[in-house]
Undergrad: 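Dropping the structure in here first, questions after.
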Protein chains: 2
Amino acid sequence: MNSGKATIHDISKALNIDSSTVSRALNNSPRVSSKTKAKILTKAAELGYQRNSLASNLRTNKTNTIGVIVPRISRSFFSSVISGIEETAYKNGYNVIICQSLEDVNREKKIMDNLLSNRVDGVLISISMQTSSYEHLKPFRNHGAPIVFYDRPCNFEGCTSVSIDDFEASFKATEHLISNGCKNIVHFGGPQNIALYKNRKKGYLAALEKYGLEINEIFCFENELSENDGVIMAKEILKMKNVDGIYAANDTSAISALQYLKSKDVKIPEDIAIVGFNNDPISSVIEPSLTTINQPDFEMGRMATNALIDQIKDTSLSVRPIVLKSELIVRSSSKVMP
Amino acid sequence: MNSGKATIHDISKALNIDSSTVSRALNNSPRVSSKTKAKILTKAAELGYQRNSLASNLRTNKTNTIGVIVPRISRSFFSSVISGIEETAYKNGYNVIICQSLEDVNREKKIMDNLLSNRVDGVLISISMQTSSYEHLKPFRNHGAPIVFYDRPCNFEGCTSVSIDDFEASFKATEHLISNGCKNIVHFGGPQNIALYKNRKKGYLAALEKYGLEINEIFCFENELSENDGVIMAKEILKMKNVDGIYAANDTSAISALQYLKSKDVKIPEDIAIVGFNNDPISSVIEPSLTTINQPDFEMGRMATNALIDQIKDTSLSVRPIVLKSELIVRSSSKVMP
DNA sequence: CTGTTAGCGCCTTCAC
DNA sequence: GTGAAGGCGCTAACAG
């Protein structure tokens with residue numbers, strides 16, 4: 001007894017059927033009589049046969065596996081994206097390997113190496129914040145495997161990017177505040193070297209401009225996305241006295257700011273109306289009536305995976321960027337009804 | 001040009017060196033002169049060579065990969081465990097494949113099949129809540145690959161389980177409430193068919209008994225871990241009037257209960273003291289002074305991975321359960337100082 | 001429908 | 001220190 005490592009040859013010998021027929025039967029080829037197929041399957045089960053994908057993949061030069069690189073799986077937005085990816089991949093017969101870069105380029109590089117040497121059929125990647133050069137992606141493309149960027153778009157050898165229209169979402173959020181009577185709207189922004197936060201700021205400014213509100217640079221906070229930053233910003237706002245609206249372009253600091261404001265008995269949205277992103281469920285726990293921007297996370301995972309699979313199946317496919325829209329979820333009643 | 005799919009044979013031909021020497025050089029074997037080694041490495045880089053792990057793994061019958069099955073990566077506790085797993089695995093030269101069962105046995109079964117056919121060297125698994133039979137794990141063991149259970153222990157063919165001492169944690173939590181003057185302590189429990197929640201209830205009861213407090217079955221809530229349950233329980237508690245302490249054995253409902261109580265102007269911990277688990281960061285956001293039980297998540301990942309790797313390296317290793325202790329984080333001042 | 005043959009890319013005895 | 005030969009387990013022509 002081969003201690004639980006039966007191969008197609010073991011089945012072949014036991015049944016006096018050639019191993020190629022066994023292989024065909026195991027792959028449910030129509031070119032095997034159902035009688036022998038049955039015999040083979042029975043024997044396989046009896047011997048505890050388990051296909052060796054390594055050998056199979058080596059031979060066919062296909063792994064039916066896609067690699068997913070994500071900055072951090074614990075972030076609510078990304079874990080939803082992953083759900084969408086997994087669902088779509090499994091539905092299409094692909095397996096998924098999830099890897100965390102933890103926003104570290106060196107890790108990202110190692111992961112890409114590893115995925116390549118394991119010959120995954122394609123990669124879905126959300127580039128780490130540190131990443132500025134795309135050198136480590138080139139070997140992958142050279143091997144002919146497609147790459148699709150999600151959430152953080154990249155201009156790289158014509159690869160597809162799936163992203164969210166941040167400008168539009170920000171514009172709508174700010175517009176919502178304005179149409180509810182806010183005149184002095186503060187913006188909690190993120191690092192401006194990152195396109196995403198830049199676009200969000202642009203959307204905010206565009207809305208102010210459209211409605212003829214004064215653009216005040218003091219109202220544009222820029223922070224490092226930390227909790228502490230949130231408290232600092234909240235204190236600043238209270239000092240300013242006249243602030244009546246906040247458009248928060250990042251969760252973490254927004255949450256701590258919200259918490260601080262509430263602890264100072266500021267009424268939301270009567271005193272200060274807030275719109276932020278709802279990637280992090282915490283914000284809606286603190287203030288259930290908060291108006292939020294709902295990003296298409298799950299949908300993003302689906303779209304990106306479909307695009308990738310299309311390209312795996314047809315390498316010559318022309319690619320174009322995919323842009324998804326966010327949705328404004330208005331939960332609170334208006335601040336000022338005209 | 002082979003369009004970016006160089007093999008050791010390509011290097012071999014280009015240099016007039018046998019492929020076996022190339023293979024040795026690429027694996028940094030000491031039996032190759034440093035001169036030829038250098039030549040080979042240079043050529044490899046030049047041709048953009050990338051090892052084919054499928055072939056290599058097939059040949060050596062080792063993948064240096066461990067499979068991780070987790071019920072749901074978005075749960076804070078599990079994503080911390082994964083961090084610990086990844087860190088330990090990478091440090092030891094192992095890759096990690098993360099798979100979500102989503103608490104679904106059928107998915108879990110498929111994942112195990114897939115991991116087996118990909119010949120991972122071992123598996124770390126937290127069994128889905130649905131799982132009652134371990135049949136789907138047997139093929140894996142038959143192939144000689146070790147399995148280590150984490151968080152949700154199992155009696156299966158002498159496999160190692162790494163778990164947390166829930167009884168002790170619950171006992172300490174309840175004891176803490178008692179020593180701070182609570183006389184009427186309610187328990188938010190989970191499904192009693194799950195060992196974890198059973199042990200938590202036992203710890204609660206043991207503490208009451210030790211300190212001579214009356215055991216009241218009405219104080220033992222059992223729920224389905226939903227948010228709605230939390231609100232229902234909170235309302236019940238307010239009706240009871242005399243409740244002055246809560247030991248919550250699950251996050252989700254505890255959070256919504258906490259929120260509801262605060263909305264009714266119940267002072268925490270003055271009116272009602274609460275101890276719960278801090279797996280979910282939300283609870284500490286709602287009430288920063290909350291006393292919580294800190295579970296060793298990261299540490300669990302490390303311990304489980306080390307145990308698995310030991311067993312991969314030495315199959316004959318005897319295994320024993322590993323039990324970790326939780327820590328009580330007292331943030332609020334005492335309810336009643338004697 | 002089934003068997004024959006060959007080889008995916010790599011590693012590992014065994015020689016020299 | 002290097003080369004020659006064989007095979008890990010599977011599949012894909014090509015025959016018949």
Side-chain angles (χ1 to χ4, degrees), chain A residues 2-41 43-44 47-65 114 116-121 143-144, chain B residues 2-41 43-44 47-65 114 116-121 143-144:
Chain A
N2 210 340
S3 89
K5 296 189 184 184
T7 72
I8 53 173
H9 294 106
D10 297 326
I11 301 174
S12 159
K13 277 177 207 156
L15 256 36
N16 253 320
I17 296 176
D18 192 82
S19 59
S20 57
T21 304
V22 175
S23 171
R24 279 190 279 256
L26 259 19
N27 286 311
N28 202 19
S29 158
R31 306 183 354 170
V32 180
S33 77
S34 47
K35 209 179 254 177
T36 45
K37 211 178 266 185
K39 259 201 292 190
I40 289 170
L41 291 180
K43 199 59 169 183
L47 295 177
Y49 170 82
Q50 287 288 143
R51 134 191 271 113
N52 185 330
S53 294
L54 297 173
S56 169
N57 293 339
L58 173 60
R59 186 59 235 260
T60 57
N61 206 24
K62 250 195 120 310
T63 54
N64 283 308
T65 300
N114 187 42
L116 174 51
S117 81
N118 279 294
R119 298 294 191 270
V120 296
D121 295 337
H143 279 244
Chain B
N2 210 339
S3 91
K5 293 188 184 186
T7 71
I8 54 173
H9 294 105
D10 297 326
I11 301 175
S12 159
K13 276 176 207 157
L15 256 36
N16 253 320
I17 297 175
D18 192 81
S19 60
S20 57
T21 305
V22 175
S23 170
R24 279 189 279 256
L26 258 19
N27 286 310
N28 203 17
S29 157
R31 302 185 359 175
V32 181
S33 77
S34 46
K35 210 180 252 177
T36 45
K37 209 178 269 185
K39 260 202 291 194
I40 289 170
L41 291 180
K43 200 60 170 182
L47 295 177
Y49 170 82
Q50 287 287 142
R51 133 189 273 116
N52 185 329
S53 294
L54 297 173
S56 166
N57 293 339
L58 173 60
R59 185 59 235 261
T60 58
N61 205 26
K62 249 194 122 305
T63 55
N64 283 308
T65 300
N114 187 41
L116 174 50
S117 80
N118 278 294
R119 299 294 191 269
V120 296
D121 295 336
H143 278 243

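Quick note on labels: first sequence line is chain A, next is B, and so on, each numbered from 1.
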Undergrad: B:Ile17 or A:Arg31: which one's nearest nucleotide on DNA chain D is closer to the 5' end?
TA: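 The answer here is B:Ile17.
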
Undergrad: Might you confirm whether atom NZ of A:Lys39 has over 12 heavy atoms from other residues, nucleotides or ligands at distances under 6.0 Å?
TA: no

Undergrad: Could you go over nucleotides 7-11 of chain D and give all protein N or O partners under 3.5 Å, atom names and distances?
TA:
from: D:dG7; atom 1: N2; to: B:Arg59; atom 2: NH1; distance (Å): 3.2
from: D:dG9; atom 1: N2; to: A:Ala55; atom 2: O; distance (Å): 3.4
from: D:dC10; atom 1: OP1; to: A:Tyr49; atom 2: OH; distance (Å): 2.4
from: D:dC10; atom 1: OP1; to: A:Asn52; atom 2: N; distance (Å): 3.3
from: D:dC10; atom 1: OP2; to: A:Ile8; atom 2: N; distance (Å): 2.7
from: D:dT11; atom 1: OP1; to: A:Asn27; atom 2: ND2; distance (Å): 3.4
from: D:dT11; atom 1: OP1; to: A:Arg51; atom 2: NH2; distance (Å): 2.9
from: D:dT11; atom 1: OP1; to: A:Ser56; atom 2: OG; distance (Å): 3.2
from: D:dT11; atom 1: OP2; to: A:Ser23; atom 2: OG; distance (Å): 2.7
from: D:dT11; atom 1: OP2; to: A:Asn27; atom 2: ND2; distance (Å): 3.4
from: D:dT11; atom 1: O2; to: A:Arg59; atom 2: NH1; distance (Å): 2.1

Undergrad: Which two nucleotides bound the region of DNA chain C that has atoms under 4.0 Å from heavy atoms of chain A, read 5' to 3'?
TA: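 Counting from the 5' end, contacts occupy C:dC1 to C:dG9.
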
Undergrad: Can a side-chain donor-acceptor contact be found between B:Ser29 and B:Asn27 if the only test is distance below 3.5 angstrom?
TA: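 There is no such pair between these side chains.
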
Undergrad: State, with a plain yes or no, whether a side-chain heavy atom of A:Leu54 is found less than 4.5 Å away from one of B:Thr63.
TA: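 The answer is yes; the side chains approach within 4.5 Å.
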
Undergrad: For B:Asn52 and B:Lys5, test the side chains for any donor-to-acceptor distance below 3.5 angstrom and give the result as yes or no.
TA: no

Undergrad: Only counting residues at least two apart or in another chain, list the ones meeting salt bridge (Lys or Arg N to Asp or Glu O under 4.0 Å) with B:Lys62.
TA: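 With sequence neighbours excluded, B:Lys62 shows a salt bridge (Lys or Arg N to Asp or Glu O under 4.0 Å) to B:Asp121, given in chain and number order.
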
Undergrad: Can a donor-acceptor pair be found, under 3.5 Å and without considering hydrogens, that links the side chain of B:Ser19 to the backbone of B:Ser12?
TA: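 It does not hold such a pair.
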
Undergrad: Check whether any side-chain heavy atom of A:Asn57 lies under 4.5 Å from a side-chain heavy atom of B:Asn118, and answer yes or no.
TA: yes

Undergrad: Decide yes or no for A:Thr21 and A:Arg24: does some side-chain heavy atom of the first lie under 4.5 Å from some side-chain heavy atom of the second?
TA: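 They are in contact (side-chain heavy atoms under 4.5 Å apart), so the answer is yes.
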
